[in-house]
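Heads up: the structure comes next, in structure tokens.
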Protein chains: 2
Amino acid sequence: MDHITIKTLAKKLGISTSTISRAFNGSTDINKDTRDRILDYAKKHNFLPNHYASNLRDKKSKTLAVIVPEIVNDFFAQAINGIEEVARKKGFYILLYRTDDVFEKEVSFVNYLNNGKADGIIMSVSGEANDHNYMRALAQKNIPVVFFDRVYEDIDVSKVTTNDYEASFEATEHLIHTGCKRIAYLVVNKSISIGKVRMQGYVDALEKHGIAFDDDLVIDCSQDEKINYSIIKQVLEDIKPDGIFSSVERLAFATLSVCNDMNIAIPNDLKIVSFSSLQIAPLLNPPLSTVTQPAYEMGIKAATLLFDALEKKGQVVPRKHIVLKSKLFIRKSSGG
Amino acid sequence: MDHITIKTLAKKLGISTSTISRAFNGSTDINKDTRDRILDYAKKHNFLPNHYASNLRDKKSKTLAVIVPEIVNDFFAQAINGIEEVARKKGFYILLYRTDDVFEKEVSFVNYLNNGKADGIIMSVSGEANDHNYMRALAQKNIPVVFFDRVYEDIDVSKVTTNDYEASFEATEHLIHTGCKRIAYLVVNKSISIGKVRMQGYVDALEKHGIAFDDDLVIDCSQDEKINYSIIKQVLEDIKPDGIFSSVERLAFATLSVCNDMNIAIPNDLKIVSFSSLQIAPLLNPPLSTVTQPAYEMGIKAATLLFDALEKKGQVVPRKHIVLKSKLFIRKSSGG
DNA sequence: TTGTACGCGTTATCAT
DNA sequence: ATGATAACGCGTACAA
């Protein structure tokens with residue numbers, strides 16, 4: 001028995017294919033005995049209806065596409081966990097795609113998804129401020145999308161973000177309270193998405209406390225670890241900030257490395273707070289003060305929003321924007 | 001133009017569906033001009049052949065299933081990166097599934113994959129020593145499988161692992177060289193897969209150096225963080241080992257936490273080495289000595305093996321078992 | 001080089 | 001409660 005289909009099954013059992021189909025779809029229009037007979041036989045022979053044939057019939061792939069910049073990052077890993085949790089309950093599976101923050105990869109994958117491969121998409125965008133028309137094509141095909149954390153403002157879909165502005169304000173203010181006068185802001189791209197909003201919180205906190213904003217203290221970093229290391233090293237040597245507010249976990253790690261190598265004492269010589277969802281932040285040397293986003297909950301919410309849209313397909317579903325709260329954990333790196 | 005198919009496209013362009021199909025499949029049997037005309041029109045209207053219909057036709061889903069115990073773990077995250085890297089080059093996509101080390105989830109997902117949803121499967125097994133017949137069903141359907149890191153010995157598929165025995169031996173020996181006399185072995189399940197092999201390396205290293213094996217020093221932990229914390233705390237209080245060899249990263253983190261809380265000085269009072277692919281291990285307090293597996297390479301190899309099998313479908317492909325080398329990084333937690 | 005026509009495996013509709 | 005059948009969108013053998 002090489003290749004079982006409901007057709008061959010039907011022949012073997014002397015029933016019609018429709019009845020077989022009904023057995024698998026929990027139809028009530030079927031005798032319990034025949035159903036059991038079918039299911040038993042199927043289980044014994046390891047048969048399951050072909051997913052692609054079903055999908056071709058009813059245009060439901062039971063698949064969610066998840067697009068994230070990276071996976072080796074507790075924030076995204078936890079968010080994926082949240083998404084998967086919800087998806088699993090709904091009997092959905094997850095197609096994962098990693099963009100490495102490369103815009104072209106994002107575009108290519110989104111275009112690919114245009115063909116109905118997934119019923120919906122949850123994504124944290126690569127963040128480039130380019131032409132976003134490839135996103136609009138999805139709307140035409142009625143494929144719902146939910147952004148989380150990093151969003152495109154000009155695309156009208158549901159979104160799940162955190163109170164980045166307030167959290168950044170609070171983090172910066174905390175550094176000021178501990179006595180910092182020259183706080184550097186580490187960012188990968190200050191002109192887009194989260195980099196921009198978080199910077200505004202930083203800027204406004206400075207202003208509130210009468211500290212002049214200094215453009216030299218805004219440190220634009222890259223995706224490359226080694227380059228970041230040199231950039232930060234140079235900053236610590238030349239500009240000598242007494243505080244660091246990092247909008248991205250990775251840059252805080254680089255800072256810790258540099259400090260290790262340069263023997264800069266944290267928190268005495270330099271205080272650090274960073275956005276980070278790293279679970280072992282308390283185990284770092286020194287324990288890292290973090291603005292921690294509720295990554296897992298964000299995943300849950302994003303998936304929930306997506307299923308809301310999915311279940312009301314055809315109807316006009318109002319976009320929602322859910323804003324969750326981050327939490328500031330003050331640890332030793334900022335004098336806690 | 002709500003719903004485009006190659007049929008509607010054919011009508012619009014006044015060509016037949018076969019020609020359209022040819023245009024998309026890079027057939028040479030087609031005039032370059034017609035091809036361009038078709039592709040241009042398609043791109044303009046955002047058309048892509050329906051993936052499910054194609055798959056139904058030629059039984060190629062261009063999808064790989066990846067099954068891992070967890071995602072919030074640099075080892076698995078990096079391995080997934082490696083897998084994705086290869087898959088991407090081959091034009092494949094990844095269906096991700098997380099088992100949380102729950103055997104039933106693994107079985108359920110594997111059974112689901114039986115229906116041709118994915119062309120192949122790469123997995124790190126949940127590790128329970130149960131009946132593995134659900135795995136055999138895949139072989140019948142000609143769906144190739146590759147195990148990585150955690151494998152079932154009794155299932156005949158290609159495997160990618162690391163030299164766990166030697167690495168464990170070396171790590172334990174290192175602890176002995178630093179003066180440890182009472183080395184505890186932390187493990188989640190000492191009777192299966194990696195837990196077992198790594199323990200053997202530990203046991204043999206003790207023996208080589210004339211240290212009596214003490215069953216009380218083998219600490220069986222759980223999946224639950226809080227329980228692990230209490231277990232380890234109790235061990236440090238009562239059994240008072242002077243060295244810890246942790247077969248799993250998570251347990252090393254728990255140990256660090258306990259030591260923090262109990263004011264146990266590492267490495268003076270206690271030395272630690274752990275299996276871990278954590279990239280920021282050097283930034284921990286103290287920097288953690290690790291046995292680091294080449295996670296990314298393992299992903300690459302596993303995916304490569306899978307494609308080998310995939311590309312020789314039908315033929316008998318000999319199973320391969322690739323063993324990569326882990327690297328011992330001696331850091332301060334073990335006196336480095 | 002292009003077109004015709006069938007079938008991939010399933011499910012919904014309509015009968016019975 | 002069950003069966004016959006058409007249709008989902010595509011690719012390919014075959015014919016032209």
Side-chain angles (χ1 to χ4, degrees), chain A residues 1-39 41-42 45-63 112-119 141-143, chain B residues 1-39 42 45-63 112-119 141-142:
Chain A
M1 186 55 12
D2 215 21
H3 192 53
I4 310 186
T5 71
I6 59 166
K7 240 184 235 173
T8 60
L9 233 190
K11 248 172 222 157
K12 282 266 184 276
L13 294 178
I15 349 182
S16 78
T17 59
S18 349
T19 307
I20 311 266
S21 178
R22 280 191 269 262
F24 281 101
N25 294 312
S27 165
T28 50
D29 270 13
I30 185 173
N31 185 303
K32 201 175 179 332
D33 291 345
T34 37
R35 205 195 61 192
D36 290 348
R37 195 159 65 93
I38 295 171
L39 261 31
Y41 188 92
H45 293 262
N46 258 302
F47 170 77
L48 235 61
N50 180 294
H51 181 259
Y52 291 92
S54 316
N55 183 242
L56 179 56
R57 266 296 311 205
D58 37 85
K59 278 116 183 38
K60 296 243 147 81
S61 68
K62 290 247 173 202
T63 303
Y112 166 73
L113 291 172
N114 241 321
N115 66 358
K117 171 80 182 179
D119 292 341
K141 304 255 174 149
N142 253 300
I143 299 175
Chain B
M1 186 57 11
D2 213 23
H3 193 52
I4 312 187
T5 72
I6 59 167
K7 235 185 242 173
T8 59
L9 234 190
K11 248 172 221 154
K12 282 267 184 279
L13 294 178
I15 350 183
S16 81
T17 59
S18 14
T19 308
I20 311 265
S21 178
R22 281 190 267 264
F24 280 101
N25 294 312
S27 166
T28 49
D29 273 12
I30 186 175
N31 186 302
K32 201 175 180 331
D33 291 345
T34 37
R35 208 196 58 191
D36 290 347
R37 193 158 65 94
I38 294 170
L39 261 30
H45 292 262
N46 257 303
F47 170 78
L48 234 62
N50 181 294
H51 180 261
Y52 292 91
S54 318
N55 183 240
L56 180 56
R57 266 294 313 206
D58 34 86
K59 278 118 183 37
K60 296 244 147 77
S61 67
K62 291 247 172 199
T63 302
Y112 166 74
L113 291 173
N114 241 321
N115 66 358
K117 170 82 182 180
D119 292 340
K141 305 255 174 149
N142 253 299

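Labels below follow one simple rule: chain letters A, B, ... track the order of the sequence lines, proteins then strands, and each chain is numbered from 1.
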> Atom CG of A:Asp29 to atom P of C:dC14: distance rounded to whole Å?
Replying inline: 14 Å
> Residues in salt bridge (Lys or Arg N to Asp or Glu O under 4.0 Å) with A:Asp58, at least two apart?
Replying inline: none
> Rounded to the nearest 0.5 Å, what separation is found between the CG atom of B:Leu56 and the CZ atom of A:Arg57?
Replying inline: 12.0 Å
>> According to side chain to side chain donor-acceptor pair (under 3.5 Å), who are the partners of B:Asn46, at least two apart in sequence or on a separate chain?
In response: A:Asn114
> Side chain of A:Ser27, backbone of A:Ala23: donor and acceptor closer than 3.5 Å?
Replying inline: no
> Does a salt bridge link A:Asp33 with A:Arg37, judged by any charged N lying under 4.0 Å from a carboxylate O?
Replying inline: no
> In degrees, rounded to 10°, what is the bend between the two ends of the helix from C:dT1-D:dA16 to C:dT16-D:dA1, using five pairs at each?
Replying inline: 30°
>> Checking B:Leu13 against B:Ile38 for the side chain to side chain contact (heavy atoms under 4.5 Å, CB included) test, could you report, in this order, the C-alpha distance in whole Å, the side-chain angles of both residues, the deciding distance, and whether it holds?
In response: CA-CA 8 Å; B:Leu13 294 178; B:Ile38 294 170; 4.1 Å; yes
> Could you write nucleotides 7-16 of chain D as a row of B, S and -, 5' to 3', where a protein heavy atom under 4.0 Å of any base atom gives B, of only sugar-phosphate atoms gives S, and otherwise -?
Replying inline: BBBBBB----
> Can you check the A:Asn55 CG to C:dC8 C1' distance for me, whole Å?
Replying inline: 14 Å
> Just by distance, do the side chain of A:His51 and the backbone of B:Gly116 share a donor-acceptor pair under 3.5 Å?
Replying inline: no
>> side chain to side chain contact (heavy atoms under 4.5 Å, CB included) for A:Lys12 and A:Ile4? Distances and angles first, verdict last.
In response: CA-CA 10 Å; A:Lys12 282 266 184 276; A:Ile4 310 186; over 6 Å; no
> Within a strict 4.5 Å, meaning less than it, do heavy atoms of the A:Lys59 and B:Tyr52 side chains meet?
Replying inline: no
> Starting at NZ of B:Lys11 and ending at C1' of C:dG3, how long is that distance when rounded to a whole Å?
Replying inline: 15 Å
> What pairs with A:Thr34 under side chain to side chain donor-acceptor pair (under 3.5 Å), at least two apart in sequence or on another chain?
Replying inline: none
> Near DNA chain D, which residues from residues 31-39 of chain A have a heavy atom under 4.0 Å away?
Replying inline: A:Asn31, A:Thr34
